[in-house]
Amino acid sequence: SGTTVYDTTIALSAISLPPSISLLPTDSLILWTKVSECQSSDTLISFITRGCDRLRVDSIIYSLDSYFSTDSSRSSKVLGSGDSISILLHYSPPGLSSDSGKIWIYFSDGTSSDSSEILIFGRSAASVPVLQPSNSTLSFGPIGYCSSADTTISLVNTTCDSLSVDRKS
């Protein structure tokens, strides 16, 4: 009544392959749908490196309608693992319009190269005409019997369009 013990040996092999280079955008689509005409909006687009090696941003190419602008240069830059590069994108439609564009970022690691792309769309909305009173309250002070008082109410146009007052009632 004995127990037999067997020794078993299993040989395992592991191979580590280098990751493919990648520089991924935080958003692949930028969509503005509620920017009022004559106003503007900004967004920050970031590209983050994935993988273990350093990448070189070779170039950034912009194909944007004229109402988009950026603060980023097009020069090359070296990024370490987990680093990012950001582009501030500004949209300023002067009137009602539909605008679009693309941003391509080209990068390499010394042995291979690749690119990332972001699509950009903007559609401005009509501004709503608003006349805003300059004061939220009116004060006539004390008024005696059989007397009168006057005050001035100023209305301010808070939109970019011209407004006309047809009549007072």
Side-chain angles (χ1 to χ4, degrees), residues 14-137 153-168:
I15 299 173
S16 175
L17 299 175
S20 62
I21 65 169
S22 64
L23 188 61
L24 300 176
T26 51
D27 292 304
S28 59
L29 174 66
I30 305 298
L31 182 62
W32 276 291
T33 58
K34 295 184 179 183
V35 177
S36 180
E37 61 180 324
C38 302
Q39 292 183 343
S40 62
S41 182
D42 295 319
T43 192
L44 191 65
I45 305 166
S46 295
F47 292 85
I48 302 169
T49 61
R50 301 286 186 231
C52 302
D53 295 330
R54 295 175 359 145
L55 295 178
R56 186 181 79 196
V57 175
D58 298 315
S59 64
I60 302 173
I61 306 296
Y62 303 101
S63 175
L64 302 171
D65 286 345
S66 61
Y67 306 129
F68 295 108
S69 61
T70 69
D71 72 337
S72 178
S73 69
R74 297 172 188 216
S75 61
S76 65
K77 182 177 182 178
V78 175
L79 301 173
S81 178
D83 287 348
S84 64
I85 185 170
S86 296
I87 299 169
L88 180 65
L89 185 64
H90 181 76
Y91 181 48
S92 184
L96 294 178
S97 63
S98 288
D99 307 293
S100 62
K102 289 183 183 180
I103 297 175
W104 292 273
I105 187 164
Y106 293 90
F107 53 94
S108 61
D109 67 354
T111 59
S112 60
S113 61
D114 204 348
S115 66
S116 287
E117 174 184 270
I118 292 184
L119 302 175
I120 301 161
F121 297 98
R123 178 172 287 143
S124 58
S127 60
V128 178
V130 175
L131 285 175
Q132 192 75 26
S134 58
N135 296 326
S136 59
T137 61
I153 301 171
S154 297
L155 299 175
V156 178
N157 179 4
T158 60
T159 64
C160 61
D161 292 328
S162 298
L163 293 175
S164 63
V165 178
D166 294 333
R167 63 182 174 185
K168 64 179 184 177

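Here, residue 1 is the first one in the sequence, and each next residue gets the next number. Please read all numbers here as calculations on a predicted model, not as lab measurements. Side chains are part of it too, since the values below use all heavy atoms of this structure and drop only hydrogens, waters and symmetry mates.
- Nearest heavy-atom pair across Phe121 and Ser100 is CD2-CB, 3.8 Å.
- Across Pro25 and Glu117, no two heavy atoms sit closer than the pair CG-O, 4.5 Å.
- Side-chain contact check for Thr70 versus Leu64: some heavy-atom pair is nearer than 4.5 Å.
- Annotation for Pro93 and Gln39: closest pair CD-O, 3.4 Å, computed over non-hydrogen atoms.
- Residues Asp65 and Ile120 form no side-chain contact, since every pair of their non-hydrogen atoms from C-beta on lies 4.5 Å or further apart.
- Here the CG atom belonging to Asp109 is positioned 10.5 Å from the CZ atom belonging to Arg56, to the nearest 0.5 angstrom.
- Scanning all heavy atoms of the two residues, the minimum distance from Ser86 to Leu44 falls at CB-CD1, 3.8 Å.
- Checking side-chain atoms of Asp99 against main-chain N and O of Tyr67 turns up no donor-acceptor pair under 3.5 Å.
- For the pair Leu88 and Thr43, the minimum side-chain heavy-atom distance is 4.5 Å or more.
- Between the side chains of Ser46 and Thr26, no donor-acceptor pair of N or O atoms lies under 3.5 Å.
- The two atoms that bring Trp32 and Asp42 nearest to each other are CZ2-C, 4.1 Å, heavy atoms only.
- To the nearest 0.5 Å, atoms CD1 (Ile118) and OH (Tyr62) are separated by 10.0 Å.
- For the atom pair OG of Ser63 and CZ of Phe68, the computed distance is 11.0 Å after rounding to the nearest 0.5 Å.
- Looking at Ser124, its side chain does come within 3.5 Å of a backbone N or O of Gly95 through a donor-acceptor pair.
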Going through the distances and angles, do Leu55 and Val78 end up as a side chain to side chain contact (heavy atoms under 4.5 Å, CB included)? CA-CA 6 Å; Leu55 295 178; Val78 175; over 6 Å; no
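- Of the possible polar contacts, none joining the Asp27 side chain to the Leu29 backbone as a donor-acceptor pair under 3.5 Å is found.
- Using a 4.5 Å heavy-atom threshold, the side chains of Leu23 and Val57 count as touching.
- Between Ile85 and Lys77 there is a side-chain heavy-atom pair separated by less than 4.5 Å.
- For the pair Ile60/Tyr106, no side-chain contact is recorded, criterion being any heavy-atom separation below 4.5 Å from C-beta on.
- Under the 4.5 Å side-chain criterion, counting only non-hydrogen atoms from C-beta, Phe47 is not in contact with Leu79.
- When atom types are taken as modelled, the side chain of Thr49 and the backbone of Asp83 share a donor-acceptor pair closer than 3.5 angstrom.
- Nearest heavy-atom pair across Ser108 and Asp58 is OG-OD2, 3.0 Å.
- Side chain of Ser115 to backbone of Trp104: no donor-acceptor contact under 3.5 angstrom is found.
- Looking at heavy atoms from C-beta onward, Ile30 lies out of side-chain contact with Leu119 at the 4.5 angstrom threshold.
- No donor-acceptor contact under 3.5 angstrom links the side chains of Thr33 and Arg123, judged on distance only.
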